[in-house]
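Before we start, here is the structure in question, set down as structure tokens.
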Amino acid sequence: MNSFDNNIITITDFTAPELDIFARRTENQLLNREHPEEGLFIAESPKVILRALDNGYEPVSILVEQRHLTTEAAPILSRCPNIPVYTADYAVLVQLTGYALTRGLLCVMRRKPLPAPEAILEASSRIVVLESIMNPTNVGAIFRSAAALNMDGILLSPDCSNPLYRRSIRVSMGGVFQIPWTFFSGSKSDVPAFLRKHGFSSAAMALRSDSVDIDDANLNREPRLAVFLGSEGDGLLPETIRSCDYTVCIPMKHGVDSLNVAAASAIAFWQLGRSK
């Protein structure tokens, strides 16, 4: 008998309140803005869930396709011995959740308190600042690149999509658990000055006549650097760009004048991360 056998609950009633969290709660309800200490999120797929567990996130309950109980889900269930595990056949779970489960596994987990920006800066030499990036797919892709390409932390403006929304987590492949992040408060254009007090120069990714190329020698010699990325439509605010020490562009050909913010982030992180 497996150690988790006694916690397995076969789904027979779709309306059971225990299943609301998987099937009937919105992302904002999970976030719980009024009581953030009670906030939850849903991680999907074995690899992503294992990364969350490895980084100290506490599991609450699991929804798993029956055929995965003793295969892909087994390593996760062995690490979560005292929580309910809801299970059913694939067709039943799709009917319950309304979409196909990635690798047949969902895990509800508790959010952790976010660190102060100063705590992230103290241990970093390359950070990312996201301003008004609202697409969760882009946020997830940026986190994945940041974790892979030598960035140390991420600061987000309050109007960015939350990194622990399900789509962001899935697109990031668990990168949201591997790199420290937090939201900053106050005026967006004041962030470069705040960072300067902590020893960081700021590089605004923007297409302007006074931009330097991403491989600029002075830029790459900066010992501590913050890379600013702006919203999908309008980019960074003009006042944010003016407040930064550098305006930086990626040289492009064939008349292309911009890249998707997630694609641009990967190029910037690769170049500036290797010069740490």
Side-chain angles (χ1 to χ4, degrees), residues 114-133 138-139 141-160 163 172 175-176 178-232 234-252 257-276:
L114 293 177
E118 293 84 353
I120 293 178
L121 299 179
E122 184 177 351
S124 302
S125 63
R126 290 288 186 270
I127 65 163
V128 183
V129 181
L130 304 186
E131 182 182 279
S132 305
I133 296 181
N138 283 336
V139 169
I142 291 168
F143 265 81
R144 185 174 185 180
S145 294
L149 299 173
N150 219 15
M151 298 293 106
D152 299 314
I154 298 181
L155 306 182
L156 303 95
S157 65
D159 55 350
C160 283
S172 80
V176 295
Q178 296 174 299
I179 185 168
W181 59 273
T182 195
F183 289 97
F184 62 79
S185 57
S187 171
K188 299 171 186 175
S189 59
D190 289 341
V191 176
F194 167 76
L195 294 172
R196 204 167 290 119
K197 292 179 181 177
H198 291 271
F200 280 82
S201 297
S202 300
M205 300 298 299
L207 294 169
R208 287 169 42 125
S209 59
D210 58 348
S211 295
V212 299
D213 285 352
I214 192 71
D215 60 354
D216 178 80
N218 290 329
L219 172 69
N220 282 269
R221 279 196 293 264
E222 290 288 354
R224 307 185 87 189
L225 185 67
V227 182
F228 280 66
L229 296 163
S231 69
E232 292 86 352
D234 300 323
L236 292 165
L237 294 172
E239 51 266 38
T240 300
I241 297 173
R242 286 194 297 269
S243 298
C244 286
D245 301 296
Y246 298 87
T247 305
V248 181
C249 70
I250 298 168
M252 288 175 275
D257 62 359
S258 65
L259 295 172
N260 168 274
V261 66
S265 75
I267 297 170
F269 301 162
W270 179 82
Q271 173 63 41
L272 300 173
R274 66 180 184 157
S275 62
K276 284 172 65 172

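Treat the numbers as computed from the prediction; the structure is a model and nothing was measured. Residue numbers count from 1 along this sequence.
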Q.
For Pro163 versus Val139, what's the shortest heavy-atom pair and its separation?
A. CA-CG1, 4.1 Å
Q.
For Tyr246 versus Asp216, what's the shortest heavy-atom pair and its separation?
A. CE2-OD2, 4.3 Å
Q | Closest heavy-atom pair and its distance - Val128, Ala146 | A | CG2-CB, 4.5 Å
Q: Identify the two heavy atoms, one from Arg126 and one from Ser275, that lie closest to each other, and give their separation to 0.1 Å.
A: NH2-OG, 3.3 Å
Q: Kindly give the heavy-atom pair with the smallest separation between Ala226 and Phe200, and that separation in Å.
A: N-CD2, 4.1 Å
(Q) Closer than 3.5 angstrom, by distance alone: can the side chain of Ser243 be matched with the main-chain N or O of Ser189 as a donor-acceptor pair? (A) yes
Q: Using atom types as modelled and distance alone, determine if a side-chain donor or acceptor of Trp181 lies under 3.5 Å from a backbone N or O of Leu156.
A: no
(Q) To the closest 0.5 Å, what do you measure between OG1 (Thr247) and CG (Asp210)? (A) 4.5 Å
**Q.** Listed partners of Arg242 passing side chain to side chain contact (heavy atoms under 4.5 Å, CB included), at least two apart
**A.** Pro238, Glu239
Q. Got a donor-acceptor contact below 3.5 angstrom from the Thr182 side chain to the Pro115 backbone?
A. yes
Q) Under 3.5 Å, side chain of Ser145 to main-chain N/O of Ile142, donor-acceptor pair present? A) no
**Q.** Interatomic distance, Cys249 atom SG to Ile214 atom CD1 [nearest 0.5 angstrom]
**A.** 8.5 Å
Q | Neighbour count above 12 (heavy atom, 6.0 Å) for Glu122 CD | A | no
Q | Separation of Ile179 CD1 from Phe143 CZ (nearest 0.5 Å) | A | 7.0 Å
Q: Can you sort out the partners of Asp234 under side chain to side chain donor-acceptor pair (under 3.5 Å), two or more places apart, ordered by chain and number?
A: none
Q: Would you check, one step at a time, whether the test side chain to side chain contact (heavy atoms under 4.5 Å, CB included) holds for Ile127 with Leu121?
A: CA-CA 8 Å; Ile127 65 163; Leu121 299 179; 3.3 Å; yes
Q.
Suppose the criterion is salt bridge (Lys or Arg N to Asp or Glu O under 4.0 Å): which pairs have a residue in residues 180-206, not counting sequence neighbours?
A. Asp159-Lys188, Arg196-Asp245
Hey, can you pull the donor-acceptor pairs under 3.5 Å for the side chains in residues 261-272, sequence neighbours left out?
from, atom 1, to, atom 2, distance (Å)
Ser265, OG, Ala262, O, 2.6
Gln271, OE1, Arg274, NH2, 3.3
Gln271, NE2, Asn220, OD1, 3.0

Q: Give a yes or no answer on whether the side chain of Asp152 reaches the backbone of Ser124 with a donor-acceptor pair at less than 3.5 Å.
A: no
Q | Rounded distance [0.5 Å steps], CE in Met151 versus OG in Ser125 | A | 8.0 Å
Q | Nearest-0.5 Å distance, CG of residue Leu130 to CG of residue Asn138 | A | 10.0 Å
Q) Who passes ring-ring contact (aromatic ring centres under 6.0 Å, His included) against Phe194, sequence neighbours left out? A) His198
Q: Check the pair Ser157, Phe184 against side chain to side chain contact (heavy atoms under 4.5 Å, CB included), reporting the backbone distance first and the verdict last.
A: CA-CA 6 Å; Ser157 65; Phe184 62 79; 3.4 Å; yes
Q. Just by distance, do the side chain of Glu131 and the backbone of Leu237 share a donor-acceptor pair under 3.5 Å?
A. yes
Q.
Name the residue from Leu195, Val227, Leu229 that meets the side-chain contact (heavy atoms from CB on, under 4.5 Å) definition with Val129.
A. Leu195
(Q) For residues 142-151, which residue pairs pass the salt bridge (Lys or Arg N to Asp or Glu O under 4.0 Å) check, not counting sequence neighbours? (A) none
(Q) Please give me the minimum heavy-atom distance between Phe183 and Cys160, naming the atom from each residue. (A) CE2-O, 4.1 Å
